Amino acid sequence: QLQIEESGGGLVQPGGSLRLSCVVSGNTVDFYAIGWFRQAPGKEREGVSCINPSGSSTNYADDVRGRFRISRDNAKNTVWLQMNNLQPEDTAVYYCATDSYHPCDPFHNGPFGGSGSDINYWGKGTLVTVSS
């Protein structure tokens with residue numbers, strides 16, 4: 001059984017940056033693709049980014065590509081999401097999710113690019129608010 005804990009959310013002005021952290025415990029994540037999702041008020045949950053087990057491949061939703069960067073350190077069982085040039089539309093609860101079954105590729109038609117409903121392990125989320 002994996003446990004996932006996100007941190008790093010907060011209030012930031014438009015154009016600002018935040019770095020979210022996702023720490024996974026309960027098992028090594030060396031063979032797990034890990035992804036970030038978000039859910040804005042009144043909207044469906046959506047995939048933001050994912051990273052393959054080795055960290056050699058990453059994917060991003062179209063509206064965050066070039067602004068967000070995902071990375072991981074398997075020795076620390078940790079994944080980060082660096083978010084730059086944040087905009088009000090990025091306001092959401094951000095969730096980290098993983099399991100051993102679902103790959104990061106393909107993204108847009110895969111489990112990490114949609115709502116992630118097939119992915120087994122989720123954190124409780126961290127709130128990101130972008131507002132002036």
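All values derive from a computational prediction rather than experimental measurement. Count residues from 1 along the sequence.
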Colleague: Between D63 and R38, does any NZ, NE, NH1 or NH2 come within less than 4.0 Å of an OD or OE carboxylate oxygen?
Modeller: yes
Colleague: Are F37 and W122 an aromatic pair by the rule of ring centers under 6.0 Å?
Modeller: yes
Colleague: Checking T129 against S131: is there a side-chain donor and acceptor pair closer than 3.5 Å?
Modeller: no
Colleague: With a 4.5 Å heavy-atom cut-off, do C22 and I4 have their side chains touching?
Modeller: yes
Colleague: Determine, for W80 and R69, whether the Lys NZ or Arg CZ falls below 6.0 Å from the six-membered ring centre while staying within 45 degrees of the axis.
Modeller: no
Colleague: Indicate whether any N or O donor in one side chain lies under 3.5 Å from an N or O acceptor in the other, for N84 and S17.
Modeller: yes
Colleague: Nearest heavy-atom pair of N59 and S49: which atoms, and what distance?
Modeller: O-OG, 2.8 Å
Colleague: Can you find a heavy atom in the side chain of Y95 that is under 4.5 Å from one in the side chain of T126?
Modeller: no
Colleague: Do the side chain of T91 and the main chain of V130 share a donor and acceptor less than 3.5 angstrom apart?
Modeller: yes
Colleague: Can any side-chain N or O of R45 pair as donor or acceptor with the backbone N or O of Q39 at less than 3.5 Å?
Modeller: no
Colleague: Is there a side-chain contact between T58 and Y60 (heavy atoms, below 4.5 Å)?
Modeller: yes
Colleague: Where is the tightest heavy-atom contact between I34 and C96, given as atom of each residue plus distance?
Modeller: CG2-SG, 3.6 Å
Colleague: Can you confirm whether Y121 sits close enough to Q3 that some side-chain heavy atom of one is under 4.5 Å from a side-chain heavy atom of the other?
Modeller: no
